[in-house]
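Both backbone and side-chain heavy atoms feed into the values below; hydrogens, waters and symmetry mates do not. Each residue takes its place number in the sequence, starting with 1. As the structure lists them, so they are numbered: ligands from 1, and atoms in each ligand from 1.
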Amino acid sequence: METVASNKTRTFPVPEIVADQRAYFQTGATLNVEFRIAQLKKLKSAIEQYEHQILEALKQDLNRDHTSGYLLEVGFILNELDETLRHIRKWTKPKRVPTPLFHAKAKSYIKSDPYGVTLIIAPWNYPFQLSVGPLIGAMAAGNTAVIKPSEISPNTSAVIAQMFNEHFDPKYIAVVEGGIPESKALLDEKFDYIFYTGSTVVGKLVYQSAAKHLTPVTLELGGKSPCIVDNKTHLEYTAKRIVWGKLVNAGQTCIAPDYLLVHNDIKDKLIEEMRKQIKAMYSEDPSKSDEYGRIISEKHFKRISALMDKDKIVVGGKVDAYDRYIEPTIMEGVNDDDPVMQEEIFGPVLPVMTYENIEEVITYINKHPKPLALYVFSKNQGTIDKVIGETSSGGVCVNDTLMHIGTPHLPFGGVGDSGIGAYHGQSSFDTFSHKKSIMHKSFLLDMPIRYTPYTAKASKMLRTLLKYTNR
Ligand code: NAD
């Protein structure tokens, strides 16, 4: 049997794990909604038991303070679990739909079937939330799941593995730790659904692997999310909300405002206000703030540092390689040719570009890959409507940043280069369910005219029936 070494002490027999899950799924154990509810409750209590270890692991991996760790990962997931437990009975019920007269006598309904054995591949930036969040949908929909957390956040990955090993049988939920070799070994297997979160480049590789088995996918990818600031805005709140959204997790957030498009009239005032807000949130020296994160790895530290052009820096700019610290940094006078505008920044560096007319902004955004998030700050409803109406993005948040991700009622996902599919709340359940269409015909009625040979009269009646059948 082929095995893959994830680290020096552990190997994962990937084909065996998948085969065991398939055999378990085929027993039908996961089909029962009471079973799913019991397992989701078990997951909830496991997370509560492991809360401290999870928060500590996040601190070690990302220098994440416990409050943010709870807010953005543990608490976020517990909320998602509560929402799922509240509605799972309703979501799993077959949905009756009308049956056109043409088909009388019959009833029609849609049944949510689990796909079967699913794979969840997660990134390192919100390593707990992005491993366990999709899992809630997979479990609620009655699937088994293999989770592959990111090797770049090894402490959180280890806690996730320990928690699931302690509480769940790997034939139902398994964790395969490791990096690219483990991910590739998993992708060589046939899964019934793949849920991938990570970069667009790797997302394309995952899509190719999935295509070999015709496996459906959700791809939660990244990109450059623009943030537009109109001259008619609430300056203080705008600055505060941009700074918060950009600097949480030291900018390593898939939906962080990547760059600003600011109306010329208020650019200087906004930069000054953002400088003030950075200081208010992280003190004069953010390197000493307990709440300011660090860059995940040396590779990313070097990559982000290389995007910082010292001639264009107007706020911040200090770095410390030893500590992987990058000061909150604002760059001005940036244009599309600057390296900082060539890739997703994924760090605490905020380039500012200006505009005179909202049309320029729309043209600029539409010339670039479709972003995961788009932010617009304005008091002018016409401007807001125009931006929403004339651009395409995974989601939009008006007059704030990141907050649209924090509700189970809005599906979260990308479009175009920023991804395929969406999840959160009911959308997670739907993502992991095959919608099976069922028409149940009765023996009480049998329309003779539907069968050949067609007489002229039957043909005419059929045409009339078809015409009026859906009215
Ligand atoms: P990544 O694509 O490098 O890695 C993600 C996962 O894929 C990891 O588990 C990794 O082990 C695996 N992987 C890496 N290379 C692989 C390969 N060649 N073949 C198979 N598997 C491979 O992404 P990352 O650096 O961990 O995360 C950062 C990116 O993720 C950013 O672009 C960010 O915007 C995006 N992201 C998106 C969302 C979202 O919800 N849309 C959330 C978080 C992060």
Visitor: Tell me whether Glu236 is salt-bridged to Lys276, with the criterion being a basic N under 4.0 Å from an acidic carboxylate O.
Guide: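 Looking at Lys276 together with Glu236, the answer is no, because their closest N to O distance does not fall below 4.0 Å.
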Visitor: At less than 4.0 angstrom from any non-hydrogen atom of Ser150, what atoms of ligand 1 do you find?
Guide: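 Result: 9 (O).
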Visitor: Using non-hydrogen atoms of the residue, decide whether Ala122 is closer than 4.0 angstrom to ligand 1.
Guide: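 Yes, Ala122 has heavy atoms under 4.0 Å from ligand 1.
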Visitor: Determine whether the side chain, the backbone, both or neither of Val202 has a heavy atom under 4.0 Å from any heavy atom of ligand 1.
Guide: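 Contact part for Val202 vs ligand 1: side chain (C-beta onward).
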Visitor: Can you name the atoms of ligand 1, numbered from 1 with element, that are less than 4.0 Å from a heavy atom of Thr197?
Guide: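 That gives atoms 5 (C), 37 (C), 38 (C), 39 (C), 40 (O), 42 (C), 43 (C) of ligand 1.
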Visitor: Using heavy-atom distances only, which candidate in Pro123, Ser199, Ala256 approaches atom 3 (O) of ligand 1 most closely?
Guide: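 Considering heavy atoms of Pro123, Ser199, Ala256, the nearest to atom 3 (O) of ligand 1 sits in Ser199.
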Visitor: Identify which of Pro127, Ala373, Cys254 has a heavy atom lying nearest to atom 37 (C) of ligand 1.
Guide: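 Result: the heavy atom closest to atom 37 (C) of ligand 1 is in Cys254.
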Visitor: Under a plain distance cut-off of 3.5 Å, with no hydrogens placed, do Asn143 and Thr118 share a side-chain donor-acceptor pair?
Guide: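 Checked: Thr118/Asn143 side chains show no N/O donor-acceptor pair below 3.5 Å.
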Visitor: Is it true that a side-chain atom of Ser418 and a backbone atom of Pro371 form a donor plus acceptor pair closer than 3.5 Å?
Guide: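 Yes, the answer is positive, given that a donor and an acceptor are paired below the 3.5 Å cut-off.
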Visitor: Checking the N or O distance criterion of under 3.5 Å, is ligand 1 in contact with Lys148?
Guide: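 In this structure, Lys148 places an N or O atom under 3.5 Å from an N or O of ligand 1.
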Visitor: Is ligand 1 less than 4.0 angstrom away from at least one heavy atom of Ile152?
Guide: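 Contact absent.
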Visitor: Run the numbers on Tyr70 and His66 for ring-ring contact (aromatic ring centres under 6.0 Å, His included), then give the verdict.
Guide: CA-CA 6 Å; Tyr70 188 83; His66 282 199; over 10 Å; no
Visitor: Run down the list Leu221, Ile255, Ile345 and name the one with the heavy atom closest to atom 41 (N) of ligand 1.
Guide: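 The nearest heavy atom belongs to Leu221.
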Visitor: Could you verify whether a donor N or O on one side chain and an acceptor N or O on the other, from Gln162 and Glu166, lie under 3.5 Å apart?
Guide: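 Distance-only check fails for Gln162 and Glu166.
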Visitor: Between Glu83 and Arg86, is there a side-chain N and carboxylate O pair less than 4.0 Å apart?
Guide: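 Yes.
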Visitor: Regarding Asn399 and Arg241, is there a side-chain donor-to-acceptor distance under 3.5 Å anywhere?
Guide: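 Side-chain D/A pair, Asn399 to Arg241: absent.
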Visitor: May I ask you to check whether Tyr172 and Phe35 place their ring centres under 6.0 Å from each other?
Guide: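 That pair passes the under 6.0 Å test.
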Visitor: Provide, to 0.1 Å, the distance between atom 35 (C) of ligand 1 and the closest protein heavy atom, together with that atom's residue and name.
Guide: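 Among all protein heavy atoms, the one nearest atom 35 (C) of ligand 1 is Gly198 O, 3.3 Å.
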Visitor: Test your reading of the structure: does Ser183 have an N or O sitting under 3.5 Å from an N or O of ligand 1?
Guide: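 For ligand 1, there is an N or O atom that lies under 3.5 Å from one belonging to Ser183.
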Visitor: Starting from the C-alpha separation in whole Å, work towards a yes-or-no answer on side-chain contact (heavy atoms from CB on, under 4.5 Å) for Asp336 and His368.
Guide: CA-CA 10 Å; Asp336 216 21; His368 290 79; 3.1 Å; yes
Visitor: With heavy atoms only and a cut-off of under 4.0 Å, state how Asn125 meets ligand 1: side chain, backbone, both or neither.
Guide: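 It is the side chain that touches ligand 1; the backbone stays farther off.
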Visitor: Any side-chain heavy atom of Ile365 within less than 4.5 Å of one from Ile228?
Guide: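 Yes; the side chains approach each other to less than 4.5 Å.
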Visitor: Ignoring hydrogens and angles, state whether a donor on the side chain of Thr233 or Asp230 is under 3.5 Å from an acceptor on the partner side chain.
Guide: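 Absent: no donor and acceptor within the cut-off.
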Visitor: What atoms of ligand 1 come within less than 4.0 Å of a heavy atom belonging to Glu151?
Guide: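 So the answer, numbered in order with elements, is 10 (C), 11 (O).
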Visitor: What residue and heavy atom of the protein are closest to atom 32 (O) of ligand 1, and at what distance?
Guide: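 Among all protein heavy atoms, the one nearest atom 32 (O) of ligand 1 is Glu344 OE1, 2.7 Å.
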Visitor: Quick one: which residue pairs count as a ring-ring contact (aromatic ring centres under 6.0 Å, His included) with a foot in residues 295-323, not counting sequence neighbours?
Guide: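 Every ring-ring contact (aromatic ring centres under 6.0 Å, His included) pair that includes a residue of residues 295-323, provided the two are not neighbours, is Trp124-His300.
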Visitor: Considering only heavy atoms, does Leu130 approach ligand 1 within less than 4.0 Å through its side chain, its backbone, both, or neither?
Guide: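 For Leu130, only side-chain atoms sit under 4.0 Å from ligand 1.
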Visitor: Can you list every pair that meets salt bridge (charged side-chain N to carboxylate O under 4.0 Å, His left out) and has a residue in residues 412-428, with sequence neighbours left out?
Guide: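 Pairs touching residues 412-428 that pass the test: none.
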Visitor: I'd like to know whether ligand 1 has Phe412 as a neighbour, heavy-atom separation below 4.0 Å.
Guide: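 Yes, Phe412 has heavy atoms under 4.0 Å from ligand 1.
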Visitor: With atoms numbered from 1 as shown, which atoms in ligand 1 lie under 4.0 angstrom from a non-hydrogen atom of Ile121?
Guide: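 Within the 4.0 Å cut-off of Ile121, ligand 1 contributes 6 (C), 7 (O), 9 (O).
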Visitor: Heavy-atom pairs closer than 4.0 Å: do any link ligand 1 to the side chain of Glu182, the backbone, both, or neither?
Guide: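 Within the 4.0 Å criterion, Glu182 makes no contact with ligand 1.
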Visitor: Of the side chain and backbone of Leu372, name the one, both, or neither that has a heavy atom under 4.0 Å from an atom of ligand 1.
Guide: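 Only the side chain of Leu372 comes within reach of ligand 1.
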Visitor: Give the atom numbers and elements of ligand 1 that come within less than 4.0 Å of a heavy atom of Ile180.
Guide: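 Here the atoms of ligand 1 in question are 14 (C), 15 (N), 16 (C), 17 (C), 18 (N).
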Visitor: Taking atom 33 (C) of ligand 1 as the point of reference, which of Phe346, Tyr196, Trp124 owns the nearest heavy atom?
Guide: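 Shortest heavy-atom distance from atom 33 (C) of ligand 1: Phe346.
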Visitor: Just jot down the ligand 1 atoms closer than 4.0 angstrom to any heavy atom of Leu205, in number order.
Guide: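 Within the 4.0 Å cut-off of Leu205, ligand 1 contributes 18 (N).
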